Number of protein chains: 2
Amino acid sequence: MPPVPNPPGDGSMRAPTIKDVAELAGVGFKTVSRVLNDEPNVRPETRERILAAVAELGYRRNSIASSIRRRDQRTSSIGLIVEDLANPFASSLTRAVQDYALERQHLVLVGSSDGVPERESDLVAEFSARRVDGLILVPNGTDQSYLEIERAHGIPVVFVDRPGRGIEADTVISENALGVAEAVRHLAAFGHTRIAFLGDLPTIHTTERRLAGFRTAMAELGTGPDPRHVRTGLRDGDRAYRAAVELFGLDPAPTALICGNNLITIGAVHALQHLGLRDRVAFIAFDDLELADLLRPALTVIAQDTAAIGTSAARALFERLQDPAAPYRRISLPVRLIPRSSGEIRASDPPEPRTGD
Amino acid sequence: MPPVPNPPGDGSMRAPTIKDVAELAGVGFKTVSRVLNDEPNVRPETRERILAAVAELGYRRNSIASSIRRRDQRTSSIGLIVEDLANPFASSLTRAVQDYALERQHLVLVGSSDGVPERESDLVAEFSARRVDGLILVPNGTDQSYLEIERAHGIPVVFVDRPGRGIEADTVISENALGVAEAVRHLAAFGHTRIAFLGDLPTIHTTERRLAGFRTAMAELGTGPDPRHVRTGLRDGDRAYRAAVELFGLDPAPTALICGNNLITIGAVHALQHLGLRDRVAFIAFDDLELADLLRPALTVIAQDTAAIGTSAARALFERLQDPAAPYRRISLPVRLIPRSSGEIRASDPPEPRTGD
DNA sequence: CGGCAAGCTGACAACGTTGTCGACAACGTG
DNA sequence: CACGTTGTCGACAACGTTGTCAGCTTGCCG
């Protein structure tokens with residue numbers, strides 16, 4: 001890695017303004033503004049001269065200066081806050097939001113809250129200071145009422161994946177409960193009754209809904225779940241791994257397992273692998289994963305349509321910008337059970353309880 | 001999804017300014033500015049009154065107005081352009097850039113170019129119009145010389161994953177050639193000589209480097225690769241799938257396969273799966289994947305340190321902002337071969353050539 | 001008590017842009 | 001030729017903020 005000797009031997013280090021353009025073209029700077037904004041009443045010849053000057057200087061409109069003067073004060077940018085952009089759920093959501101926004105000439109500022117409420121509100125404050133036109137966020141913690149301030153200042157908010165608390169707003173959410181309930185029935189159809197559930201923090205709305213779907217469907221089966229087979233508070237793959245190992249040390253051990261999100265899935269599959277149970281315990285994961293269909297057995301999943309979630313959220317935001325007075329909407333998006341193998345393992349041959357590890 | 005009746009019954013729809021704050025506190029607006037910027041020479045009592053007014057109005061500094069007036073004109077935001085944010089390589093890179101930037105009070109505008117040069121330059125133009133303080137980008141196409149304009153206007157550029165063309169700039173790149181060469185030697189140690197390579201467009205720098213490493217190491221083995229065993233131009237998983245299927249219809253078929261990126265890997269593993277060859281053909285993938293260690297056989301990969309790449313790129317950009325005259329640097333980051341199983345399949349039992357499909 | 005520095009505060013210009021308005025030329029009409 | 005209308009263009013104010021500077025109030029020293 002040899003340093004390249006070539007320093008940036010440029011001159012100005014300062015972007016040209018419309019006044020520079022005007023001077024070069026020999027016109028008043030307001031006329032330049034007219035050309036740049038496609039306003040009428042500029043002689044074609046003058047227009048030409050100005051465009052030539054623009055090209056020569058490499059002028060780029062300063063749209064932040066523009067936005068402070070414009071009537072609507074819009075910055076043509078929106079803010080998006082997810083939990084962790086490196087998570088495939090978040091990144092594909094972000095991609096969808098971006099595409100929708102870009103079609104409408106808007107850029108997207110992105111931030112990761114890591115589930116920490118303070119980071120979330122810090123990011124909101126930063127976005128708000130940049131005067132984003134609107135916010136889309138995956139809310140954390142117990143209170144989003146602070147967002148009333150942003151809204152009162154004309155910055156609408158859309159919640160995605162979970163509803164905000166202490167505030168009413170447009171919200172886009174998957175049908176979490178229905179998805180898990182379907183998974184339970186699917187497993188039941190293969191003879192399972194001892195079905196376990198591993199979930200994230202119970203305070204997170206998605207965990208709560210998925211667990212609710214689990215309990216509802218388990219109740220339909222008769223006895224409901226064995227309380228020891230329901231574990232929550234699993235913030236990461238490691239904790240999920242340990243919880244899964246414990247699960248299969250129980251007597252009776254579950255014969256089927258449902259995991260509440262993709263991090264938990266990864267931890268749990270590792271655990272099943274370690275215990276040599278991957279072919280014997282039925283397994284259904286919430287959230288699809290890139291290689292899920294290549295595992296042996298291939299993972300049966302409850303897939304969210306992340307692109308549709310992002311697009312819906314973005315659409316809701318732009319509609320809200322157009323009509324701030326419309327009633328708030330709660331948009332539910334279906335999830336889809338994709339049977340691949342792991343969810344179709346029969347309960348006929350239950351693993352004998354293990355003695356420990 | 002019932003519409004919630006509650007309309008946003010707020011009043012102003014306009015964010016308060018320092019003048020509003022000043023009026024409420026009964027001071028001149030410049031004094032408010034002083035307090036907000038922690039400038040000296042404000043009586044503690046006055047300061048209190050102003051902070052109270054700020055809190056009461058929910059005032060948030062308009063940092064875009066601030067940035068047009070500030071001496072350095074900095075917006076405290078940077079732009080990042082990746083190929084596809086939904087790709088795990090891009091999203092984890094983005095996450096790292098974001099974290100580095102956020103620690104320095106900067107926000108990140110993100111865009112996906114999809115590998116289309118025009119989209120890339122459009123995004124650059126948009127970012128430039130927003131007056132980002134700097135740009136980090138994964139360049140596409142054959143020419144980035146248009147970025148000289150941005151740089152002349154004081155917006156530095158850092159290339160990541162690939163060098164820009166037609167322009168010199170700070171660049172952060174993985175040691176692609178070394179990684180693939182190591183993979184070839186690894187396979188050779190398990191008896192392979194008929195090793196195939198599947199790559200993306202040969203015009204992409206990473207493809208070119210990885211292929212170069214492949215050819216170098218193959219040459220060391222003696223004969224060099226069978227030309228029919230080297231396929232490039234595979235833009236997506238589907239094409240990679242078809243190429244892989246064709247590969248194993250050849251006589252002699254390769255006994256080992258190296259894939260040039262994660263999309264190709266997914267296509268190729270599907271192909272091996274379809275052909276029933278996953279346990280017989282040795283396989284090494286460039287780029288790690290989330291579930292790679294859970295496949296059977298687990299995927300041996302050449303892993304890039306995506307977080308380190310993102311952090312290095314961000315660091316390079318901030319250092320460039322501090323010292324625009326420093327010589328350009330080219331930063332190489334090591335890759336790591338992670339043996340898991342698929343790369344350690346011996347060549348002793350080669351699959352008989354297939355008759356076709 | 002006069003003088004002077006230091007602390008505090010506000011009036012005003014300026015950033016790069018858009019909005020408003022008026023000046024001026026060209027044109028058509030009576 | 002007088003007049004209004006239309007098209008073209010620039011001077012100027014304004015957006016919300018920071019930079020500059022001058023003015024006022026203190027407190028301290030002689």
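Quick note on labels: first sequence line is chain A, next is B, and so on, each numbered from 1. Please read these numbers as outputs of a predicted model, since none were measured by experiment. All values below come from the heavy atoms of this structure, side chains included, with hydrogens, waters and symmetry mates left out.
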Tell me, please, which residues at least two apart from A:S33 pass side chain to side chain donor-acceptor pair (under 3.5 Å).
-> A:N37
B:N62: partners by side chain to side chain donor-acceptor pair (under 3.5 Å), with sequence neighbours left out = none
So the side chain to side chain donor-acceptor pair (under 3.5 Å) pairs with at least one residue in residues 41-54 of chain A (sequence neighbours excluded) are A:D38-A:R47
Nearest whole Å is fine: how far is [N] [atom2] from [X] [atom1]?
X: A:R131; N: D:dT17; atom1: CZ; atom2: C1'; result: 11 Å
X: B:E23; N: C:dG10; atom1: CD; atom2: P; result: 13 Å
X: A:I68; N: C:dT17; atom1: CD1; atom2: P; result: 11 Å
X: B:Q73; N: C:dA14; atom1: CD; atom2: C1'; result: 11 Å
X: B:D72; N: C:dG16; atom1: CG; atom2: P; result: 13 Å

Would you check if there is a donor-acceptor pair between the side chains of A:S76 and A:Q105 at a distance under 3.5 Å?
-> no
Which atom pairs link the protein and nucleotides 18-20 of chain D when you take only N or O atoms and keep those under 3.5 Å?
from	atom 1	to	atom 2	distance (Å)
D:dT18	OP1	B:N37	OD1	3.1
D:dT18	OP1	B:N37	ND2	3.1
D:dT18	OP1	B:R61	NH2	3.0
D:dT18	OP2	B:S33	OG	2.8
D:dT18	OP2	B:N37	ND2	3.2
D:dT18	O2	B:R69	NE	2.7
D:dT18	O2	B:R69	NH2	3.3
D:dG19	O3'	B:R71	NH2	2.7
D:dG19	N7	B:K30	NZ	2.9
D:dT20	OP1	B:R71	NH2	3.2

With sequence neighbours excluded, residues passing side-chain contact (heavy atoms from CB on, under 4.5 Å) with [X]:
X: B:E83; value: B:S113, B:N140, B:R162, B:R235
X: A:S77; value: A:T75, A:V132
X: B:E148; value: B:R151, B:I167

Could I get the full list of salt bridge (charged side-chain N to carboxylate O under 4.0 Å, His left out) partners for B:D143, not counting sequence neighbours?
-> none
Residues passing the salt bridge (charged side-chain N to carboxylate O under 4.0 Å, His left out) test with A:D133, sequence neighbours excluded, are none
Nucleic acid contacts - residues 40-53 of chain B versus DNA chain D, non-hydrogen atoms under 4.0 Å | none
When the C1' atoms of the five terminal pairs at each end define the local axes, what inter-axis angle does the helix from C:dC1-D:dG30 to C:dG30-D:dC1 show, to 10 degrees?
-> 60°
Which residue pairs pass the ring pair (Phe, Tyr, Trp, His ring centres under 6.0 Å) test with at least one member in residues 101-132 of chain B, sequence neighbours excluded?
-> B:H106-B:F318
